Peer 1: 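Below you will find the structure I want to go over with you.
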Amino acid sequence: MKTIGVLTSGGDAPGMNAAIRAVVRAGIYNNIKVMGIERGYNGLINGNIKEMNLSSVADIIHRGGTVLKTARCEEFKTEEGRKKALNVLKVFGIEGLVVIGGDGSFTGAQKLSEAGIKTIGIPGTIDNDLAYTDYTIGFDTALNTVLDAITKIRDTSASHGRANIVEVMGRHCGDIALYAGLAGGAESVIVPEEEFSIDDVCRKLIQGRSRGKLHSIIMLAEGIGGNAFELGKEIEEVTGIETKVTVLGHIQRGGNPSAFDRILASKLGAKAVSLLIEGKSGRVVGMKDHKIIDMDIHEALSMERQFDKETYKLTKILSI
Ligand code: F6P
């Protein structure tokens, strides 16, 4: 393999830069030309492609965002859009492609591999919603960002004797809410994977208050689909405890990647390049039981995610 391309697609995630760096450096180390494709599949369709060298990935391992920029591309979902992309890959002599992104980006990668382009997917999303891997790049950093926010909210919550609902991202996956809830000592964790009862949430608040507790944190995953502010009003009405709402939003997608995310991204980037050198295609890389793995992309995308019920139960036990 002489030339490969790398792109980031979908929502950005801290650690994407470390993954780009690993792909570029591992490629050059193996005498492969690496082309950086800008703004995901948009850039692929429009030919926004430039050769990367050792210096183009210098000083980025610690930076959030993605130096290649990213996009959610509707055109690539069409036959016509993909035809254009295949043409561009041919013109630039790109034989192998590394796609860094979430499940939507992987579906695109799968289509390209079916069309004959050797394609490898690296999981880059804060959501941690891909079933085949224990961790996606960006999740750990987002979790720490949320934890930092909860810790701060807790201070002011205690000063005022309030309850706080903290709404976090994750799309349909409750992992950010779950693990931040456990690490942050939340009173309740509300996730799309588990039924919840507002009475339970209120009962905990009242019990806590009656034993002199000054603050209460309720973690709410956005995937629940409800309105955090309405929930806050309802809780306030039932319990009589003033309830504030903080929607953390895109702050969760920014910031310097954690050590874990940088290490994961570096390993996965290098692994993706090795697979391309071996002539593999239509695979995704990830981490299972602390080991770097690769898997057929169809299989990975058809796997059903198992919610960590044990940890969920633990959050309930520890917040009595
Ligand atoms: O997939 C990452 C993510 O941040 C989700 O958690 C969230 O639902 C979505 O992207 C937000 O997308 P956008 O940045 O396009 O609003």
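Predicted, not measured: the structure shown is a model, and the values here were computed from it. Along the sequence shown, the residues carry numbers beginning at 1. All ligand and atom numbering here is 1-based and tracks the order in the structure. These numbers come from the heavy atoms of this one structure, side chains and all, not from hydrogens, waters or symmetry mates.
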Peer 1: Any ion pair linking Lys69 and Glu38 (charged N to carboxylate O, less than 4.0 Å)?
Peer 2: no

Peer 1: Count I, L, V, M, F, W, Y as connected when their side-chain heavy atoms are under 4.5 Å apart, and connections chain through other members. Are Leu44 and Met1 then in the same cluster?
Peer 2: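 Looking at the clustering, Met1 is in a separate group from Leu44.
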
Peer 1: Just to check, does Gly170 reach to within less than 4.0 Å of ligand 1 when the distance is taken from its heavy atoms?
Peer 2: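 Per 4.0 Å heavy-atom rule, Gly170 contacts ligand 1.
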
Peer 1: Who's the nearest protein heavy-atom neighbour of atom 5 (C) of ligand 1, and how far?
Peer 2: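 The answer is Asp127 OD1, 3.5 Å.
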
Peer 1: State plainly whether the residues Asp175 and Arg305 are in salt-bridge range, i.e. N to O under 4.0 Å.
Peer 2: yes

Peer 1: Would you say the side chain of Pro123 lies within less than 4.5 Å of the side chain of Val284, judging by non-hydrogen atoms?
Peer 2: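 Val284 does not reach Pro123 side chain to side chain.
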
Peer 1: Which is closest to atom 12 (O) of ligand 1 in terms of heavy atoms, Met169, Glu222, Arg72, His172?
Peer 2: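 Considering heavy atoms of Met169, Glu222, Arg72, His172, the nearest to atom 12 (O) of ligand 1 sits in Arg72.
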
Peer 1: To which protein heavy atom is atom 4 (O) of ligand 1 closest, and what is the distance rounded to 0.1 Å?
Peer 2: Arg253 NH1, 2.7 Å

Peer 1: Looking at Arg203 and Asp200, does any basic side-chain N land under 4.0 Å from a carboxylate oxygen?
Peer 2: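 Asp200 and Arg203: salt-bridged.
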
Peer 1: Around atom 16 (O) of ligand 1, find the nearest protein heavy atom and jot down its residue, atom name and distance.
Peer 2: His250 NE2, 3.4 Å

